[in-house]
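I have placed the structure first, in the form of structure tokens, so that the comments after it can refer back to it.
When a residue number appears, it is its place in the shown sequence, counting from 1.
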Amino acid sequence: MARLRDCLPRLMVTIRSLLFWCLVYCYCGLCASIYLLKLLWSIGRGPAQTFRRVAREHPPACLNDPSLGTHCYVRIKVKAGAGPAVSGGYSWRHQLREFKCEYRVVALDLRGYGETDAPIHRENYKLDCLITDIKDILDSLGYSKCVLIGHDWGGMIAWLIAICYPEMVLKLIVINFPHPNVFTEYILRHPAQLFKSSYYYFFQIPWFPEFMFSINDFKALKHLFTSHSTGIGRKGCRLTIEDLEAYIYVFSQPGALSGPINHYRNIFSCLPLKHHMVTTPTLLLWGEKDAFMEVEMAEVTKIYVKNYFRLTILSEASHWLQQEQPDIVNKLIWTFLKEETRKKD
């Protein structure tokens with residue numbers, strides 16, 4: 001009887017793991033079917049339009065804006081260059097201009113983004129590789145500690161760095177991404193979040209997501225950034241035509257979609273985490289109208305932070321908080337940076 005009691009927890013973990021992977025693969029198949037139907041519908045309506053692509057040979061001027069600082073590369077062990085460009089640097093343009101007066105502000109393109117090196121195999125984008133990249137870049141810049149800020153997928157990596165290398169992170173600021181364990185636990189219990197995170201599952205499929213994002217001259221990407229349901233600026237700063245073209249220019253380069261999507265292809269192999277407590281003072285900012293993340297996850301996150309924790313939810317803001325509400329976000333960050341934070345008892 002005692003042996004059965006000892007085995008029961010392990011059995012429950014195994015069953016839960018099997019159910020989790022069944023869910024992942026079943027939902028992958030469902031998402032692939034839906035996108036295939038969308039492709040066939042698009043081809044039926046107009047094949048020429050479906051496969052149209054505008055040539056973009058030169059970057060828009062905003063990508064070389066001197067007010068955003070110096071664009072440079074860092075050569076690290078894995079030979080993955082990192083420098084401020086569109087996916088990392090440009091999305092933080094409002095913060096780069098704001099905080100450079102008192103801080104050395106570095107906005108990174110992760111491996112595979114922008115003009116960084118983009119290894120071909122998905123194994124090169126595992127989360128432990130990405131965490132090591134950030135650590136090595138910090139070392140290359142001559143720092144042992146930093147204030148770390150991340151949004152969405154960058155927020156996921158920021159959480160993991162604070163967990164794995166707490167001595168590196170003076171303060172942690174995350175925008176619109178919950179603690180990783182909250183995300184995996186919540187998604188299993190709430191079908192609405194499963195639906196909102198469908199792109200995670202769609203990205204598990206080889207090459208097809210890259211193809212779907214490139215058809216109709218990157219119509220899906222344009223919709224992501226500008227639509228009423230998911231776009232930037234419904235209640236705040238909107239993307240200019242040049243801003244949008246900056247994003248499309250980078251992702252339209254040969255092979256430029258595979259690196260970013262490969263990041264997502266490894267997410268289910270490392271979650272949930274074995275070590276998950278955060279001991280760094282943490283600020284979590286959240287747009288309540290986020291089309292991809294339910295706000296309830298933000299509230300639950302505090303149980304994983306064994307230090308000062310502040311959550312600020314902006315009621316009319318979307319997923320793209322730092323671009324859409326830059327003045328408010330910058331003010332909240334300044335307050336957090338300047339205030340003394342006391343560790344929880």
Side-chain angles (χ1 to χ4, degrees), residues 19-57 86-87 112-114 118-125 152-153 183 187-188 190-234 239 241 243-269 289-294 318-320:
L19 290 174
F20 176 76
W21 284 107
C22 285
L23 174 65
V24 168
Y25 286 113
C26 289
Y27 205 48
C28 283
L30 176 62
C31 291
S33 300
I34 292 171
Y35 279 94
L36 180 59
L37 290 174
K38 288 183 178 181
L39 173 61
L40 294 175
W41 175 258
S42 178
I43 293 174
R45 293 184 62 185
Q49 180 68 20
T50 298
F51 299 106
R52 180 183 69 93
R53 183 180 297 186
V54 175
R56 293 175 172 86
E57 297 179 359
V86 63
S87 56
Y113 278 87
I120 297 174
H121 301 294
R122 61 182 288 178
E123 292 77 14
N124 294 116
Y125 297 86
D152 189 65
W153 184 254
F183 178 71
I187 202 171
L188 291 174
H190 297 82
Q193 181 57 53
L194 182 67
F195 177 75
K196 289 182 178 182
S197 302
S198 60
Y199 62 99
Y200 279 76
Y201 299 89
F202 178 54
F203 288 164
Q204 304 308 306
I205 302 165
W207 72 263
F208 190 49
E210 289 93 323
F211 176 74
M212 287 300 297
F213 270 88
S214 65
I215 63 173
N216 285 309
D217 193 39
F218 300 90
K219 182 179 179 180
L221 277 176
K222 295 173 184 176
H223 182 271
L224 176 69
F225 291 125
T226 62
S227 72
H228 178 73
S229 59
T230 65
I232 300 171
R234 288 176 296 171
L239 286 184
I241 294 175
D243 289 335
L244 179 61
E245 190 57 29
Y247 283 99
I248 302 303
Y249 169 79
V250 170
F251 288 115
S252 67
Q253 302 309 299
L257 283 168
S258 292
I261 292 175
N262 276 335
H263 283 262
Y264 292 90
R265 288 179 171 137
N266 289 290
I267 185 172
F268 296 112
S269 63
K289 302 300 183 182
D290 191 327
F292 308 105
M293 296 283 171
E294 295 202 340
S318 74
H319 178 75
W320 315 98

Return the minimal non-hydrogen interatomic distance between [X] and [Y], and the atom names on each side.
X: Arg122; Y: Asn262; answer: CB-OD1, 3.9 Å
X: Ser229; Y: Ala291; answer: O-CB, 3.4 Å
X: Ser198; Y: Cys31; answer: O-SG, 3.6 Å
X: Ile205; Y: Pro209; answer: O-CD, 3.1 Å

Only pairs under 3.5 Å count here: list side-chain donor-acceptor contacts from residues 248-256, not counting sequence neighbours, and write none if there are none.
| residue | atom | partner | partner atom | Å |
| --- | --- | --- | --- | --- |
| Ser252 | OG | Ile248 | O | 3.1 |
| Ser252 | OG | Tyr249 | O | 2.8 |
| Gln253 | NE2 | Tyr249 | O | 2.9 |

How about CD1 on Ile120, more than 12 heavy atoms from neighbouring residues, nucleotides or ligands closer than 6.0 Å, or not?
no
With sequence neighbours excluded, what pairs up with Tyr35 under the ring-ring contact (aromatic ring centres under 6.0 Å, His included) test?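 In terms of ring-ring contact (aromatic ring centres under 6.0 Å, His included), with neighbours along the sequence ignored, Tyr35 is linked to Phe202.
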Applying ring-ring contact (aromatic ring centres under 6.0 Å, His included) to His223 and not counting sequence neighbours gives none
- Message: Students often mix this up, so state it plainly: with edges at 30° and 60°, are the rings of Phe225 and Trp320 parallel, tilted or perpendicular?
- Response: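 Tilted: the ring planes of Phe225 and Trp320 meet at 30° to 60°.
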Is the Trp207 ring parallel, tilted or perpendicular to the Phe211 ring (thresholds 30°, 60°)? perpendicular
Residue set satisfying salt bridge (charged side-chain N to carboxylate O under 4.0 Å, His left out) with Lys196, at least two apart, ordered chain then number -> Glu294
Contacts satisfying salt bridge (charged side-chain N to carboxylate O under 4.0 Å, His left out) that involve residues 244-267 (not counting sequence neighbours) are Arg56-Glu245, Glu210-Arg265
* Asked: How about Tyr200 and Ile267: do any of their side-chain heavy atoms sit closer than 4.5 Å?
  ->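 With C-beta onward as the side chain, the pair touches.
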**Message:** So Phe183 and Gln193, do their side chains get closer than 4.5 Å, heavy atoms only?
**Reply:**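 Contact flag for Gln193/Phe183 side chains = yes.
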Quiz item: At what distance, to the nearest 0.5 angstrom, does CD1 of Ile232 lie from CG of Asp243?
Solution: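 That separation rounds to 8.0 Å.
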Practice item. Can you sort out the partners of Thr50 under side chain to side chain contact (heavy atoms under 4.5 Å, CB included), two or more places apart, ordered by chain and number? Key: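 With neighbours one apart ignored, the set is Leu39, Ser42, Ile43, Ile215, Asn216.
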Can you list the residues that meet the side chain to side chain contact (heavy atoms under 4.5 Å, CB included) rule with Leu194, with sequence neighbours excluded?
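Side chain to side chain contact (heavy atoms under 4.5 Å, CB included) check on Leu194 returns Leu23, Tyr27, Ile187, Tyr201.
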Hits for side chain to side chain donor-acceptor pair (under 3.5 Å) against Asp152, two or more places apart or cross-chain, chain-then-number order -> Tyr264, His319
